[in-house]
Student: 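This is the structure I have questions about; it appears just below.
Just so it is clear, the structure is predicted and the values come from calculations on it, not from any experiment.
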Amino acid sequence: PVGAFNLQALLYPALGWYCAWLLFHEVTENPRVSLLFAFPFGMGLHVFRDLNWYTIEKSAVFWLPLYLWASYRAWQRGGRWVWWAAACFLLLSWMNLYLGLVGAAMIASVALCVSVTRAQGYRRVLSVLGLSACAVLPLGLWQWGLLQGNLTLGSPERFLFERAALDGFTL
């Protein structure tokens, strides 16, 4: 388990850097500048802050630029890229629902900007947004059910003794 955690802790920043490079390179078509500007995202302090074995999914921010990259390609090319973007959003949300909300806000902002400028691929952006929403809807409904108390996985006392007990220690 420690080896798997260490592998994730090393892999996620590298993936963040690479996926940000993919996005920047797609937009700017300059690989060296893209590599330079992708570095702060991939190696950002948010990836290394509060990194524990039970919060490792918070450092998987590589899904955000990967989703934007696939969405950009869907906007430019259409076709199968719309489905790829929706699949990226499903995996992004499954990995961490908070990152899914950030991704949804990002693509909604892009859709708003595209609609304001009346760019050519407006329908493609809306189809990415719609398919992404459909892909993650079951996960959102499941989470909503959990929050309503119908399908509770554990009591607050169980959380305190099993999960929160690991958040601190004394010598």
Student: Name the residue from L64, L92, V61, L97 that meets the side chain to side chain contact (heavy atoms under 4.5 Å, CB included) definition with V102.
Tutor: L64

Student: Report the C-alpha separation of R80 and V82 in whole Å, then their side-chain angles, then the decisive distance to 0.1 Å, and conclude whether the side-chain contact (heavy atoms from CB on, under 4.5 Å) test is met.
Tutor: CA-CA 5 Å; R80 65 186 170 114; V82 174; over 6 Å; no

Student: Please answer: with hydrophobic residues joined when any side-chain heavy atoms are less than 4.5 Å apart, are L101 and L90 in the same cluster?
Tutor: no

Student: Under the ring-ring contact (aromatic ring centres under 6.0 Å, His included) criterion, do F62 and Y18 qualify, and how do the steps go?
Tutor: CA-CA 8 Å; F62 67 91; Y18 177 71; over 10 Å; no

Student: Starting at OG of S59, measure out to CG of L99 and round the result to the nearest 0.5 Å.
Tutor: 9.5 Å

Student: Nearest 0.5 Å, please: how far is OG in S71 from CD in Q76?
Tutor: 12.0 Å

Student: Is W81 atom CH2 crowded by more than 12 heavy atoms from other residues, nucleotides or ligands, each under 6.0 Å away?
Tutor: yes

Student: In the structure I gave you, are the side-chain heavy atoms of L35 and F24 within less than 4.5 Å of one another anywhere?
Tutor: no

Student: Quick one: does P65's side chain get under 4.5 Å of F41's, heavy atoms only?
Tutor: yes

Student: Under 6.0 Å between the ring centres of Y72 and W75?
Tutor: yes

Student: Using the side chain to side chain contact (heavy atoms under 4.5 Å, CB included) rule, pick out the option among W94, W63, Y67 that qualifies with F89.
Tutor: Y67

Student: Hey, could you give me the OG1/CG distance between T28 and L23, rounded to the nearest 0.5 Å?
Tutor: 9.0 Å

Student: Heavy atoms only: give me the nearest A14-M43 pair and the separation to one decimal.
Tutor: N-CE, 4.3 Å

Student: Which pair of heavy atoms, one from C88 and one from A70, lies closest together, and at what distance?
Tutor: SG-CB, 4.3 Å

Student: Quick one: pull up CG in L15 and CD in Q8 and give me the separation to the nearest 0.5 Å.
Tutor: 10.5 Å

Student: Would you please classify the geometry between the H25 ring and the W21 ring as parallel, tilted or perpendicular, with 30° and 60° separating the classes?
Tutor: parallel

